[in-house]
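Following: one structure in structure tokens, then a few remarks.
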Protein chains: 2
Amino acid sequence: MKIEPLVTQSLAKQISEQLREAIMSGELKADDRLPTEEELASRYQVSRPTIREALKRLAAQNLIRSRRGPAGGTFVNRPTLEEASQSLTSSATLLASMDQFSLSEIADARHEMEAICCRLAAQQPDPVQLAEMAKELAIQQQESLSDEEFCASDVRFHRALVDMSRNAMLQFLMYGVIEAMQPVANMVVYRFRDRQDVIEAHKALYQAIEQQDSLAAGVALDRLMVYLKARFEAAQQWKAEQGQSSAGQN
Amino acid sequence: MKIEPLVTQSLAKQISEQLREAIMSGELKADDRLPTEEELASRYQVSRPTIREALKRLAAQNLIRSRRGPAGGTFVNRPTLEEASQSLTSSATLLASMDQFSLSEIADARHEMEAICCRLAAQQPDPVQLAEMAKELAIQQQESLSDEEFCASDVRFHRALVDMSRNAMLQFLMYGVIEAMQPVANMVVYRFRDRQDVIEAHKALYQAIEQQDSLAAGVALDRLMVYLKARFEAAQQWKAEQGQSSAGQN
DNA sequence: ATTCCTCTATTTGTCAAACAAATAGATATT
DNA sequence: AATATCTATTTGTTTGACAAATAGAGGAAT
């Protein structure tokens with residue numbers, strides 16, 4: 001006689017799993033409207049709060065959205081690369097904050113992966129993204145730029161580079177990885193001299209890709225990444241020391 | 001006069017965001033116990049169902065777990081690489097199912113990224129993972145193996161390779177990417193001859209890494225990946241045709 | 001004294017019924 | 001014809017209650 005483990009999971013969890021399957025399998029397509037909460041409740045033979053908990057689980061994963069009113073209801077979301085990347089970022093940030101991996105590992109992974117993008121980009125650079133990079137390069141040279149704005153432009157510059165890889169999966173991953181480094185990047189104080197160094201590296205990167213010179217692009221990226229990694233580590237150490245001393249003061 | 005958009009978000013969403021912040025910032029550490037639902041309700045001045053909805057959102061993201069009874073309650077989860085990779089997989093699968101990117105893009109991304117892992121692994125191969133790879137290699141040569149078991153062993157083989165990169169961030173990403181390809185991989189029917197080809201490539205890969213020959217490892221991986229990609233595309237096309245004809249029959 | 005059982009208090013899981021708030025569409029008014 | 005109002009529908013939130021699991025305390029039997 002085989003004893004089955006019964007279903008001891010909460011009803012809400014089971015229902016949300018079922019709906020999730022339906023969405024993933026394509027049974028429920030983007031922008032499809034789900035039955036009303038009341039109808040779902042009667043169909044699953046549970047109460048409305050239980051249905052609501054199930055729907056909230058899905059909403060937390062950005063799989064559905066809800067609107068009130070007639071013609072309102074619950075609809076299947078079309079996931080965007082952007083949102084998916086953000087959830088990847090938050091996973092990575094969480095893992096990092098729980099010491100599952102270090103920031104230097106993130107930096108190394110980014111370095112390696114961006115090198116791929118560099119190579120792919122240099123193979124057939126796209127004028128649109130090239131123009132984007134040039135634009136950000138110009139922005140970065142404005143001396144009045146705040147540190148936040150400089151970082152934001154830096155992110156856009158690298159995203160344009162990633163876009164040129166013409167591979168959406170790589171984009172999805174890289175957006176997430178780049179984003180995951182922002183908290184540290186924003187901690188770095190860019191003095192005038194530092195910005196100049198970064199901009200020079202960006203320029204070299206831009207020109208190499210424009211000229212379809214993957215080798216030079218790789219070299220320029222290496223230079224930039226090694227430089228950034230050193231800055232990150234310094235910033236992180238500084239932060240650790242601050243934490244130490246302030247902890248000591250308490 | 002500036003009109004602020006007020007807070008039109010649902011209470012549950014706001015609360016879950018606040019708790020999420022607390023977890024991410026480290027204010028709430030792993031295995032910490034949250035206040036009871038009732039206490040949270042009174043603290044936030046909302047009803048218990050609202051609190052529950054907020055908690056369910058977090059539960060859906062694997063950030064918390066709940067147990068009934070005294071000494072029960074809601075606890076902060078320690079996220080694992082494994083779980084995070086699974087959520088990455090499901091994001092990727094979802095995006096793919098919604099045509100945000102194609103399976104060939106996933107395959108290409110995996111190819112490029114696994115090449116990185118190969119290079120890193122060959123730099124300083126780890127005996128433990130090498131033994132793991134050898135073990136899986138032996139398993140794959142059993143002729144009685146079912147297709148599913150062959151695929152599962154294939155996954156473990158590649159994961160061992162990825163582990164040798166000694167970079168947890170790359171592991172996290174690669175586990176997800178490899179997993180994202182499984183639905184297609186499982187569709188492929190491996191005839192005897194095909195398995196032999198795959199095993200040969202695995203052998204070459206294993207030996208190259210063992211001998212710290214990154215170049216040879218790269219070549220072996222290229223061979224394997226090109227081969228697999230061709231098989232995947234064939235399987236995918238076959239599936240599309242099946243869908244077409246069965247759709248016509250209905 | 002030790003082991004086992006039962007009982008109890010605590011906490012999450014589920015339900016029911018109701019009202020609030022938003023909103024699209026119909027209807028009435030100017 | 002344009003605008004304002006009403007109404008029906010649907011999600012958002014509250015209250016109150018009971019069910020189910022479970023850790024720990026206390027008692028009974030060996």
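In what follows, every chain begins at residue 1, and chains take the letters A, B, ... in the order their sequences are listed. Heavy-atom basis, side chains included; hydrogens, waters and symmetry copies ignored.
No engagement by R65(B) is indicated, since no non-hydrogen atom pair under 4.0 Å with the nucleic acid exists. No engagement by K13(A) is indicated, since no non-hydrogen atom pair under 4.0 Å with the nucleic acid exists. The residue R48(A) sits close to a base: some heavy atom pair falls under 4.0 Å.
Considering only side-chain atoms of S10(A), the nucleotide from dT10(D), dA24(C), dT14(C) that sits closest is dT14(C). Distance from the side chain of P49(B) is smallest to dT15(D) among dT15(D), dT11(D), dC15(C). Candidate nucleotides dT9(D), dA18(C), dA23(D) were compared by shortest atom distance to the side chain of P70(A), and dT9(D) ranks first.
At a threshold of 4.5 Å between non-hydrogen side-chain atoms, the residues I23(A) and L94(B) count as touching.
Nearest-nucleotide assignment on DNA chain C puts the 5′-proximal partner with G69(B), out of T50(A) and G69(B). Nearest-nucleotide positions on DNA chain D place E37(A) closer to the 5' end than the other of R68(B) and E37(A). The 5' end of DNA chain C is approached more closely, in terms of each residue's nearest nucleotide, by P35(B) than by the other of A71(A) and P35(B).
The phosphate of dT10(D) has neither OP1 nor OP2 within less than 4.0 Å of any side-chain N or O from S66(A).
The CD-P distance, from E38(B) to dA17(D), rounds to 12 Å in whole Å. Distance CG (L34(A)) to P (dT10(D)): 13 Å, rounded to an integer number of Å. The nearest whole Å value for the distance from the CD1 atom in I51(B) to the P atom in dG16(D) is 17 Å. Taking atom CZ of R67(B) as the reference point, atom P of dG24(D) lies 10 Å away to the nearest angstrom. A straight line from CG of L55(B) to P of dT11(C) spans 14 Å, rounded to a whole angstrom. Here the P atom of nucleotide dT11(D) and the CG atom of L11(B) are 18 Å apart, to the nearest Å. Distance R52(B) CZ to dC15(C) C1': 11 Å, rounded to the nearest Å. Nucleotide dT12(C) holds its C1' atom 16 Å from the CG atom of L58(B), rounded to whole Å.
Environment of CD in E83(B): crowded, with over 12 heavy atoms of neighbouring residues, nucleotides or ligands closer than 6.0 Å. In this structure, Q237(B) places its CD atom where only 12 or fewer heavy-atom neighbours from other residues, nucleotides or ligands lie under 6.0 Å away.
Considering E82(A), E132(A), E136(A) as possible partners of R159(A), the one that fulfils the salt bridge (Lys or Arg N to Asp or Glu O under 4.0 Å) test is E82(A).
Proximity of a side-chain donor or acceptor of T89(A) to a complementary backbone N or O of E179(A) within less than 3.5 Å is not detected.
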